[in-house]
Amino acid sequence: MQQFKPAWRDGYCRAQVEAVRNLKSDMVEVILTPEKAWPSHIAGQHIALTIEVNGRLTTRVFTVACGASFHRETKNIRLITKVNNEGAITPFLSSVTPSTWVNISVPKGSFTLPNTDKPVLMVAGGSGITPFVAMLEDAIENKLIHRAPIHLLYFAKPNEHVLQSELLALQKRTNNFTFAF
């Protein structure tokens, strides 16, 4: 199989890069369109992303930074990560061009929003905000947030908070979500 599709990996699906943009000097967003065989995720789950770096296939794990509702509507998924200049993949993500094919695993992990009628407190730090934004998107979209209030405490170094405008937009969509830096 690898003679016909050199980047093919057993247990992975292909995804096409739709867009790459720098959110800050050390933060990058990657929009991917997985092939139809890829099963949708539950907000909060992660995937393994494989790209070619210097002629070698390299894999790292990233949280999907959008809700399943975003994937259903757009057929895309979003990854947001801090760029570590010493990292195996993140320094190269900014140079991946649209239309490039990459490999992604099926969604994994059980870090998801609990199904409860009790208030929820979320605590995030730095780029660790991504699963919470995904969970909040789906909670609002699926009207789960109306059952119990959700409060997010978001810690980061001064001027290093990301996705602030998205958090504000989510807060405007419902009275049951609040956040503080």
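Residue indices begin at 1 and follow the sequence shown.
- Looking at Val83 and Leu93, their side chains never come closer than 4.5 Å, going by heavy atoms from C-beta outward.
- Under the 4.5 Å side-chain criterion, counting only non-hydrogen atoms from C-beta, Phe62 is not in contact with His46.
- Shown here are the salt bridge (Lys or Arg N to Asp or Glu O under 4.0 Å) partners of Arg60, two or more places apart in sequence or in another chain: there are none.
- Legend: residues meeting salt bridge (Lys or Arg N to Asp or Glu O under 4.0 Å) with Glu166, ordered by chain and number and at least two apart, are Arg78.
- One hydrophobic cluster, built from ILVMFWY side chains closer than 4.5 Å, holds both Leu136 and Leu23.
- Between Glu35 and Lys75 no salt bridge is recorded (no basic side-chain N to carboxylate O distance below 4.0 Å).
- Residues forming a side-chain contact (heavy atoms from CB on, under 4.5 Å) with Thr178 (at least two apart in sequence, or on another chain): His151, Gln171.
- Across Gly44 and Ala134, no two heavy atoms sit closer than the pair N-CB, 4.3 Å.
- With sequence neighbours excluded, the residues forming a side-chain contact (heavy atoms from CB on, under 4.5 Å) with Lys82 are Asp26, Met27, Ser127, Glu160, listed by chain and number.
- A donor-acceptor contact under 3.5 angstrom links the side chains of Thr33 and Glu18, judged on distance only.
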Checking Cys66 against His41 for the side-chain contact (heavy atoms from CB on, under 4.5 Å) test, could you report, in this order, the C-alpha distance in whole Å, the side-chain angles of both residues, the deciding distance, and whether it holds?
CA-CA 9 Å; Cys66 64; His41 66 292; 4.2 Å; yes

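- Among residues two or more places apart in sequence or in another chain, the side-chain hydrogen bond (donor to acceptor under 3.5 Å, both in side chains) test is passed with Asn84 by none.
- Tested against Tyr12, the residues Ile47, Thr59, Val106, Leu49 include a single side chain to side chain contact (heavy atoms under 4.5 Å, CB included) partner, Thr59.
- Side-chain contact check for His71 versus Ile77: some heavy-atom pair is nearer than 4.5 Å.
- A pairwise comparison of heavy atoms in Ala15 and Pro34 identifies CB-CA, 3.7 Å as the closest pair.
- Val102 places a side-chain heavy atom less than 4.5 Å from the side chain of Val17.
- Applying the 6.0 Å contact sphere to NZ of Lys24 captures more than 12 heavy atoms from other residues, nucleotides or ligands.
- Annotation: the span from Leu163 atom CG to His161 atom NE2 amounts to 11.0 Å, rounded to 0.5 Å.
- Residues Ile129 and Leu152 have side chains in contact (heavy-atom distance under 4.5 Å, counting atoms from C-beta outward).
- In this structure, Tyr154 contributes its side chain and Gly126 its backbone to a donor-acceptor pair below 3.5 Å.
- A 4.5 Å side-chain heavy-atom check between Ile42 and Asp138 finds every atom pair outside the cut-off.
- From Ile51, atom CD1 reaches atom CG of Leu57 across 9.5 Å, with rounding to the nearest 0.5 Å.
- Distance CD/Glu141 to CG/Leu170: 10.5 Å, rounded to 0.5 Å.
- Contact annotation: the side chain of Pro107 approaches that of Pro39 to within less than 4.5 Å [non-hydrogen atoms, C-beta and beyond].
- For Val120, the side-chain contact (heavy atoms from CB on, under 4.5 Å) test picks out Leu113, Pro114, Thr116, Met122, Ile150, with sequence neighbours left out.
- Applying the side-chain contact (heavy atoms from CB on, under 4.5 Å) rule to Ala19 yields the partners Ile31; only residues at least two apart in sequence or on another chain are considered.
- Listed by chain and number, the residues in a side-chain hydrogen bond (donor to acceptor under 3.5 Å, both in side chains) with Asp117 are Arg147 (sequence neighbours excluded).
- By the criterion of side-chain heavy atoms lying less than 4.5 angstrom apart, applied directly or through intervening Ile, Leu, Val, Met, Phe, Trp or Tyr residues, Ile80 is not grouped with Val64; the two fall into different hydrophobic clusters.
- Evaluation of the ring-ring contact (aromatic ring centres under 6.0 Å, His included) rule for Phe92 yields no partner, not counting sequence neighbours.
- Under the 4.5 Å side-chain contact rule for hydrophobic residues, Leu79 and Val133 do not share a cluster.
- In this structure, the ring-ring contact (aromatic ring centres under 6.0 Å, His included) partners of Phe179, at least two apart in sequence or on a different chain, are Phe177, Phe181.
- The stretch residues 110-130 participates, sequence neighbours left out, in these ring pair (Phe, Tyr, Trp, His ring centres under 6.0 Å) pairs: Phe111-Phe132.
- Asn142 and Ser69 form no side-chain donor-acceptor contact under 3.5 Å, judged by distance and modelled atom types alone.
- Other residues sharing a hydrophobic cluster with Phe70 under the 4.5 Å side-chain heavy-atom criterion for ILVMFWY residues do not exist; the residue is a singleton.
- Hydrophobic clustering places Leu121 together with Phe155 (ILVMFWY residues linked when any side-chain heavy atoms are closer than 4.5 Å, directly or through intermediates).
- For the atom pair CD (Glu52) and CG (Asn103), the distance works out to 10.5 Å, reported to the nearest 0.5 Å.
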Salt bridge (Lys or Arg N to Asp or Glu O under 4.0 Å) between Arg173 and Glu137, worked out:
CA-CA 10 Å; Arg173 290 176 59 191; Glu137 280 179 14; over 6 Å; no

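- In this structure, CZ in Arg14 is found 11.5 Å from CD1 in Ile104, a value given to the nearest 0.5 Å.
- Gly67 and Ala43 get closest at one heavy-atom pair: CA-CB, 4.3 Å.
- Between Leu32 and Val30 there is a side-chain heavy-atom pair separated by less than 4.5 Å.
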